[in-house]
Asker: 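What follows is a structure written as structure tokens; I'll ask about it next.
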Amino acid sequence: MTLFEQKILDLVRKIPQGKITTYEKIALKLGNKYLVRFIGNCLAKNLHLITIPCHRVVRKDQKVGNYALGVAKKINLLQNEGIIIKRGKIVNFNKVLYDFNLN
DNA sequence: ACGACGGCCCTCG
DNA sequence: ACGAGGGCCGTCG
């Protein structure tokens with residue numbers, strides 16, 4: 001695992017239970033928006049590290065996005081944390097959105 | 001709503 | 001060592 005990937009995972013690990021963030025926010029935090037593709041790539045590969053709550057990272061358009069264990073699993077996990085999802089979209093998106101810049 | 005393409009870092013040939 | 005391809009995305013047509 002590279003240093004850059006570590007940085008991504010470190011950020012994801014900071015997302016509290018019941019909150020979400022977007023691929024784009026992480027990308028911007030780390031530099032530029034085109035990183036979104038690599039971020040997805042990285043999370044997909046490192047899912048075996050259970051300590052990283054990959055399911056709390058979603059798409060900017062309020063869809064949940066993809067997940068290595070299946071989208072259904074991702075939705076389940078999110079709903080267990082109080083996030084409301086309807087037809088694949090997060091209903092209370094703005095309320096549960098976590099902002100890294102609050103630190 | 002859908003498809004194309006962008007410019008990322010990594011992996012693999 | 002180098003170049004092509006790939007991926008849990010986002011934007012614009």
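First the proteins, then the strands, lettered A, B, ... as listed; each starts at 1.
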Asker: What residue among A/Ile39, A/Leu9, A/Leu35 forms side-chain contact (heavy atoms from CB on, under 4.5 Å) with A/Phe4?
Answerer: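 Option passing the side-chain contact (heavy atoms from CB on, under 4.5 Å) with A/Phe4: A/Leu35.
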
Asker: Heavy atoms only: give me the nearest A/Lys19-A/Tyr98 pair and the separation to one decimal.
Answerer: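 Shortest heavy-atom separation between A/Lys19 and A/Tyr98 comes out as CB-CB, 3.8 Å.
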
Asker: How would you label the contact of A/Leu43 with the nucleic acid (heavy atoms, under 4.0 Å): base, sugar-phosphate, or nothing?
Answerer: base

Asker: Which atoms form the tightest heavy-atom contact between A/Leu47 and A/Cys54, and what is the distance?
Answerer: CD1-SG, 3.7 Å

Asker: I want to check one thing: is the phosphate of C/dT11, taken as OP1 and OP2, less than 4.0 Å away from some side-chain N or O of A/Lys60?
Answerer: yes

Asker: Return the nearest nucleotide to the side chain of A/Arg59; candidates are C/dC8, B/dC10, C/dG10.
Answerer: C/dG10

Asker: Check every atom of C/dG6, C/dC8, B/dC10 against the side chain of A/Asn41 and return the nucleotide holding the closest atom.
Answerer: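 Closest of the options to the side chain of A/Asn41: C/dG6.
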
Asker: Taking the side chain of A/Arg37 as its heavy atoms from C-beta onward, which of C/dC8, C/dG7, C/dT11 lies nearest to it?
Answerer: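 Of the candidates, C/dG7 comes closest.
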
Asker: Tell me the closest heavy-atom pair linking A/Ile15 and A/Arg56, and the distance in Å.
Answerer: O-NH1, 3.0 Å

Asker: Under 4.0 Å from any atom of DNA chain C, heavy atoms only: list the residues of residues 70-96 of chain A that qualify, in numerical order.
Answerer: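 Going residue by residue through residues 70-96 of chain A, the ones with a heavy atom under 4.0 Å of DNA chain C turn out to be A/Lys74.
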
Asker: Inspect the contact between A/Lys45 and A/Glu5 and indicate whether a charged nitrogen and a carboxylate oxygen are less than 4.0 angstrom apart.
Answerer: yes

Asker: Applying a 3.5 Å limit to both distances, which nucleotide forms a Watson-Crick or G-U wobble pair with B/dG6?
Answerer: C/dC9

Asker: Would you call A/Glu24 and A/Arg59 a salt bridge, taking side-chain N to carboxylate O under 4.0 Å as the test?
Answerer: no

Asker: Any base atoms under 4.0 Å from A/Ile39, or only sugar-phosphate, or nothing? Heavy atoms, all strands.
Answerer: nothing

Asker: Taking for each residue the nucleotide of DNA chain B bearing the nearest heavy atom, is the 5' side occupied by A/Lys45 or by A/Val36?
Answerer: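 It is A/Val36 whose nearest nucleotide is closer to the 5' end.
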
Asker: Which residues, if any, of residues 20-34 of chain A bring a heavy atom under 4.0 Å of DNA chain B?
Answerer: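 The stretch gives A/Asn32, A/Tyr34 as the residues lying under 4.0 Å from the strand, ordered by number.
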
Asker: If you check the A/Glu5 side chain, which of C/dG7, C/dG10, B/dC10 turns out closest?
Answerer: B/dC10

Asker: Do other residues, nucleotides or ligands put more than 12 heavy atoms under 6.0 Å from A/Lys89 NZ?
Answerer: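 Yes, because the 6.0 Å sphere around NZ of A/Lys89 holds more than 12 heavy atoms from other groups.
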
Asker: Looking at A/Leu11, A/Val12, A/Ile8, which one forms a side-chain contact (heavy atoms from CB on, under 4.5 Å) with A/Ile52?
Answerer: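 Exactly one candidate clears the test, A/Val12.
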
Asker: To the nearest Å, how far apart are A/Leu9 CG and B/dC10 C1'?
Answerer: 14 Å

Asker: Can you measure A/Asp61 atom CG to B/dC2 atom P for me and round it to whole angstrom units?
Answerer: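 One finds 13 Å between P of B/dC2 and CG of A/Asp61, rounded.
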
Asker: Is A/Asp10 salt-bridged to A/Lys7, going by a charged N under 4.0 Å from an acidic O?
Answerer: no

Asker: Can you check the A/Gln6 CD to B/dC9 C1' distance for me, whole Å?
Answerer: 15 Å

